[in-house]
Each structure stands twice: as structure tokens, then as C-alpha cells.
Amino acid sequence: MSAGEKRHTVTFEINGARKTVAVEARRLLVHLIREDLGLTGTHVGCDTSQCGACTVEIDGRAVKSCTVLAVSAEGASITTIEGLTSPGAELDPVQAAFHEHHALQCGFCTPGMVMSVRQLLKDQPDPSDHEIRHGLAGNICRCTGYHNIVRAVESLASKGEQS
Ligand code: FES
Ligand code: FES
């Protein structure tokens, strides 16, 4: 931020905690989440809004947080990957399915992928293979070839365990 640049106060809820922070007008939400709040489970994998690694939930909808200005989070309720479970608690069903079906390798895409799967299952509780691949088209994985990710999502659909 350049010296003297005006900051704006923003109040929102993130993972159940109320926060008030001062941000410059052009600051992106993903940088607020990672750098100001230290929630580094939300990743940055591109600068073209294509990879989906930065996906979080804003008011219950999956959104690429690199496409959102931090100031627009005023009054919002945000959930990041850290908000899906806590140490010692059970994993979120999507996280558990990824684990069970080996749906990650390096894990870089996984936080954003999990948030997008949650959205996919809200929108389509019993998606076909094609619908899963289409629904996750905004999330890029360089490791898995997507096959096990699709299997993990199918397992949730067939069990009716979508979150
Ligand atoms: Fe947001 Fe890649 S960092 S889409
Ligand atoms: Fe490595 Fe998806 S598991 S990018």
C-alpha cells in the first residue's frame, strides 16, 4: 500500500468470528484472508481468476476470493477451509471423502476444490460424472487427473452426505 492511501473499515464474520479490519480500496479479499488474518489454507494459484485455489464461501456461496474486493465483504459471513472443522473434530464430509478416495496429491488445489464441491452438491445433490466435471471446471488440479476427485464427489452423492 502506498503511504497515505485511504483505508476503509470493514466488518464481517469469518469462520464464526466477527472481525473489523481496515483495508485499502483495491485490496483483494484473498489477500485480506491470507495476509491480514493468517488463514493460509486459502491459496493463490494464478493471477487470472482461473485456478479456483482461492475459493471460499461468502454468505453460503462458493466464490473465488481473488475476484472480490475486501471492502465488499462488509456485513458478509465468510467460511474458509479452516472453518469446516477444527483440530480433533471430525472432518467435513467432503474433506473425509477426499481423504477416503485419495482425491489429492500435493493438496494445493484441495481447499478451493472442497469449497466448490460443497457448492456443487448444494446445487446438484446427485450429480452425474459429467455434471461433477462441469461443476468443478473452475478449479484446476495439476496432479490428480480429476478421476479420484470425481469418485469422491460421487461417493457423497450416493450416500446423500452432501454438506
Ligand atoms: Fe483465484 Fe486463481 S487465485 S482463481
Ligand atoms: Fe496437486 Fe490438485 S492435488 S494441484
Side-chain angles (χ1 to χ4, degrees), residues 1 8 10 12-15 19 21 23-74 76-85 90-124 127-157 161-163:
M1 180 174 123
H8 305 264
V10 187
F12 54 90
E13 193 177 284
I14 188 160
N15 300 336
K19 301 281 183 188
V21 296
V23 293
E24 61 178 322
R26 63 186 173 179
R27 190 159 181 76
L28 296 176
L29 181 61
V30 68
H31 295 137
L32 167 66
I33 289 171
R34 286 179 52 82
E35 295 160 20
D36 299 350
L37 303 181
L39 296 169
T40 54
T42 299
H43 294 158
V44 178
C46 72
D47 56 10
T48 52
S49 307
Q50 288 185 316
C51 76
C54 63
T55 304
V56 301
E57 286 176 10
I58 302 177
D59 295 331
R61 300 291 303 177
V63 176
K64 292 179 178 179
S65 60
C66 74
T67 67
V68 177
L69 291 172
V71 289
S72 69
E74 175 64 35
S77 176
I78 300 168
T79 303
T80 69
I81 193 73
E82 290 90 345
L84 298 189
T85 188
E90 284 191 11
L91 291 173
D92 173 85
V94 178
Q95 292 176 306
F98 270 53
H99 180 254
E100 183 180 345
H101 293 277
H102 308 290
L104 63 144
Q105 289 179 23
C106 80
F108 188 85
C109 71
T110 309
M113 195 70 81
V114 166
M115 304 314 262
S116 292
V117 169
R118 285 164 55 88
Q119 183 68 58
L120 170 68
L121 292 171
K122 281 182 201 167
D123 294 340
Q124 296 171 293
S128 67
D129 180 292
H130 174 76
E131 287 169 334
I132 294 168
R133 290 176 187 274
H134 181 75
L136 298 179
N139 291 75
I140 294 172
C141 176
R142 293 194 292 186
C143 303
T144 65
Y146 301 94
H147 178 70
N148 287 358
I149 293 173
V150 173
R151 284 182 55 218
V153 179
E154 285 174 340
S155 76
L156 292 163
E161 285 187 7
Q162 62 275 9
S163 47

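Heads up: numbering here begins at 1 and tracks the sequence. For ligands, and for the atoms within them, numbers begin at 1 and follow the listed sequence.
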Query raised in the report: Which of these, T55, V114, L39, sits in a side chain to side chain contact (heavy atoms under 4.5 Å, CB included) with I81?
Result: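 Only one option passes, and that is V114.
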Query raised in the report: Do D36 and R27 sit within salt-bridge range, that is, some charged N less than 4.0 Å from a carboxylate O?
Result: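 Counted as a salt bridge, because a side-chain N and a carboxylate O are separated by less than 4.0 Å.
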Requested in this report: Examine C51 and say whether one of its N/O/S atoms is closer to atom 2 (Fe) of ligand 1 than 2.8 Å.
Outcome: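 Yes, C51 qualifies, because one of its backbone or side-chain N, O or S atoms lies under 2.8 Å.
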Query raised in the report: So, is C46 placed with an N/O/S atom under 2.8 Å from atom 2 (Fe) of ligand 1, counting both backbone and side chain?
Result: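 Here the distance criterion (N, O or S atom, under 2.8 Å) is met by C46, so yes.
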Requested in this report: Specify whether an N/O/S atom of C141 falls short of 2.8 Å from atom 2 (Fe) of ligand 2.
Outcome: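 So C141 counts as coordinating atom 2 (Fe) of ligand 2, yes.
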Query - Heteroatom N/O/S of C106 within less than 2.8 Å of atom 2 (Fe) of ligand 2 - result: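 Given the 2.8 Å cut-off, C106 does not count as a ligand of atom 2 (Fe) of ligand 2.
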Query raised in the report: Within a strict 4.5 Å, meaning less than it, do heavy atoms of the L121 and P127 side chains meet?
Result: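 Of all side-chain heavy-atom pairs linking P127 with L121, at least one is under 4.5 Å.
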For [X], counting its heavy atoms only, list the atoms of ligand 1 lying under 4.0 Å from any of them.
X: S49; value: 4 (S)
X: C66; value: 1 (Fe), 3 (S), 4 (S)
X: C54; value: 1 (Fe), 3 (S), 4 (S)
X: G45; value: 3 (S)

Taking every non-hydrogen atom, the tightest pair across [X] and [Y]:
X: L32; Y: A70; result: CD2-CB, 3.9 Å
X: C54; Y: V30; result: CB-CG2, 3.9 Å
X: L156; Y: P93; result: CD2-O, 3.5 Å
X: T42; Y: R34; result: O-NH1, 2.8 Å

Query raised in the report: Quick one: which ligand 2 atoms are inside 4.0 Å of a heavy atom on R142?
Result: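 Under 4.0 Å from R142, ligand 2 has these atoms: 4 (S).
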Query - Residue G107 vicinity, atoms of ligand 2 by number, heavy atom under 4.0 Å - result: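 It comes down to these atoms of ligand 2: 1 (Fe), 3 (S).
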Query - Candidate pair L84 and V94, rule side chain to side chain contact (heavy atoms under 4.5 Å, CB included), full reasoning - result: CA-CA 10 Å; L84 298 189; V94 178; over 6 Å; no
Requested in this report: List the closest protein heavy-atom neighbour of atom 3 (S) of ligand 2: residue, atom name, distance to the nearest 0.1 Å.
Outcome: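 The closest one turns out to be Q105 N, 3.2 Å.
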